[in-house]
Q: 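The structure is given below, and queries will be raised subsequently.
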Number of protein chains: 2
Amino acid sequence: MAQTATAYRDEAPIAALLEGQPLFRGMSPELRATFAQAAQLQSLNKGSVLFLQDDEAEWFYLIISGWVKLFTETMDGDEAVIDMVSNGHLIGDSAILEDSIHSFGAAAVEPVKALRLPSSLLKQAITDDHKTALAMLGALSRHRKRQSREIESLTLQNASQRIGCFLLRLCDPNGQMPLELTLPYDKSLIAARLGMKSETFSRALNKLRKETTLSIKGSMVTVSDLDELSVYVCSACSNEFPCKDLHG
Amino acid sequence: MAQTATAYRDEAPIAALLEGQPLFRGMSPELRATFAQAAQLQSLNKGSVLFLQDDEAEWFYLIISGWVKLFTETMDGDEAVIDMVSNGHLIGDSAILEDSIHSFGAAAVEPVKALRLPSSLLKQAITDDHKTALAMLGALSRHRKRQSREIESLTLQNASQRIGCFLLRLCDPNGQMPLELTLPYDKSLIAARLGMKSETFSRALNKLRKETTLSIKGSMVTVSDLDELSVYVCSACSNEFPCKDLHG
DNA sequence: CGCGCCGTTGAGTTGTCTCAAATCACGTGG
DNA sequence: CCACGTGATTTGAGACAACTCAACGGCGCG
């Protein structure tokens, strides 16, 4: 609440960050300024928690850089990684539409910069401002579709295919043919993100390498035949390769 | 478009149906009347298709009675059941926020009554009417949460636990202790809904019966110890038993 | 009565997990 | 610059869960 000292230093870059976000872009400059004033730029270390499941949803976050893991934990200590998000994604925002309780936790898996914004402000903005409500609808609906694919993927694809699918989403469909990819975060995290153990990930990636033209050096992956890979992956999926709306 | 003949016979009951729905309840009577006029009550046989994936989303539907299966199909013919919905649920509505293409198919698995409504009208209503947009936000957000649980369930629970979880959601937490449940639809459909084969379902249900106090006669299930069942199920889940917001 | 559908059961296969150990990658301190 | 420690990744062996294919029993319906 009391950031008067830092306020006028921070506001200009913060406003710029907000403008790059669909949710804020349609807002009136005044409304956006309200958010910019209330925003706090946070630098988070690897491992630090943005919020936990069942926390009061006092804040929501706009990720500026770095990867954040969204997860739930079971009573007996198992963890499911629901999603990994980065640059440009909002998290914790949908809680305001429910009971203002976070339905999952969020933690930085590497150094992260994020804007922290008060949920109350967003709640108000959605209630008062039609454009903001529409932007929010768009965001949620994209999210919904993404999650449907997730369910399909877990149900219908085996480990190798899920990995292949993950790689395909990193590919530029119009890129030059030997495509060079860099895995965006640790293999063990990709494994968790895809709902498998890291041992299984390792073996399944090897299987994928053998069965499609693919080479792997640490976190560098080279795809030499995109078609072959997409046939291998997408035969067990309802979407063909350049599957839109899906990332990371 | 030309239902003048049936219109005045149908409108009264249709208006009543709409009023029972959160999406329409907050609307002005005039706007609701517009929907009621454009609505068509459909009676669908078992197996009939409401729409298919990749269809143009010309209509959305309010289910009045009977169960509808939401699904996607892969290239090589496998099917994933994304959800089963009935009485009071909207389907196909979220397509209007995307590219007006259905991202899943919908088919009746038994005789179904449904109201068919033009998507264009909803799109218009959301754009013009703030209350409607907010109602839509609420619906989508409930949906989002539900899907997150789905992902968690597929990742963390084994077959027996998923079945137990399904049964728990049919239980009234305040009910008298020998709880009598009736499975809402065929076992093979429950299996598909839970992401397993029907053989696996059969065996896993037997395992569940052995390991918790549970008896099964055809589609009748009797739960005599709710706590025991919920411990068995919820130890592998992030929610404890009376898990709100989840049904079906 | 006989057909067809649903559900169950059996036998064998495949996929993923567990546990344990070896190896690799990288940053720190000497 | 190198040795070391820590965490990430890979590999191996064996257990277990879920799947496939096949056959059978029950039930409703013509």
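Since the structure is predicted, the reported quantities are computational estimates derived from the model, not experimental observations. Reminder, nothing fancy here: chain letters follow the sequence lines and each chain counts from 1.
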Q: Does D:dT9 have its OP1 or OP2 closer than 4.0 Å to a side-chain nitrogen or oxygen of A:N206?
A: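 Result: no.
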Q: Atom CD1 of B:I216 and atom P of C:dG7: how far apart are they, to the nearest Å?
A: 13 Å
Q: How many whole angstroms separate atom CG of A:D186 from atom P of D:dT10?
A: 11 Å
Q: May I ask you to verify if any side-chain N or O of A:T200 is less than 4.0 angstrom from the OP1 or OP2 atom of C:dC17?
A: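 Indeed, a polar side-chain atom of A:T200 lies that close.
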Q: Counting side-chain heavy atoms from C-beta on, which of D:dA8, C:dG7, D:dT11 comes nearest to B:K187?
A: C:dG7
Q: Rounded to whole angstroms, how far apart are CZ on A:F201 and C1' on C:dG15?
A: 17 Å
Q: Under 3.5 Å, is there a donor on one side chain and an acceptor on the other for B:S148 and A:Q147?
A: yes
Q: Under 4.0 Å, heavy atoms only, any strand: does A:A159 hit a base, just the sugar-phosphate, or nothing?
A: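 It contacts sugar-phosphate atoms only.
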Q: Answer yes or no: does a side-chain N or O of A:S188 lie under 4.0 Å from OP1 or OP2 of D:dT9?
A: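 For D:dT9, OP1/OP2 do have a side-chain N/O of A:S188 under 4.0 Å.
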Q: Between atom CG in B:D78 and atom C1' in D:dC19, what is the gap in whole Å?
A: 11 Å
Q: Are side-chain heavy atoms of B:N158 and B:Q161 found at a separation under 4.5 Å?
A: yes
Q: Starting at atom CD1 of A:I163, determine the distance to atom C1' of D:dT10, rounded to an integer number of angstrom.
A: 13 Å
Q: Do you see a donor-acceptor pair shorter than 3.5 Å between the side chains of A:R162 and A:Q157?
A: no
Q: Any idea which of D:dT10, D:dC21, D:dA8 is nearest the A:E199 side chain?
A: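 When the side chain of A:E199 is considered, D:dT10 is the closest of D:dT10, D:dC21, D:dA8.
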Q: Is there a donor N/O on one and an acceptor N/O on the other, under 3.5 Å, for the side chain of B:R203 and the base of D:dT20?
A: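 Indeed there is one.
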Q: Using the rule side-chain hydrogen bond (donor to acceptor under 3.5 Å, both in side chains), only one of A:H143, A:H89, A:K69, A:R146 pairs with A:D83; which is it?
A: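 Result: among A:H143, A:H89, A:K69, A:R146, A:R146 is the only option passing the side-chain hydrogen bond (donor to acceptor under 3.5 Å, both in side chains) with A:D83.
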Q: Look at the rings of A:H102 and A:F51 and say which category their plane angle falls in: under 30° parallel, 30 to 60° tilted, over 60° perpendicular.
A: parallel
Q: Can you check the A:K46 NZ to C:dC26 P distance for me, whole Å?
A: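 Atom NZ in A:K46 sits about 13 Å away from atom P in C:dC26.
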Q: Determine: side-chain N/O of A:N158 to OP1/OP2 of C:dT14, distance under 4.0 Å, yes or no.
A: no
Q: What integer distance in Å separates A:L194:CG from C:dG15:P?
A: 18 Å
Q: Atom CD of A:E79 and atom C1' of C:dC17: how far apart are they, to the nearest Å?
A: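 Spelled out: CD on A:E79 to C1' on C:dC17 is 17 Å.
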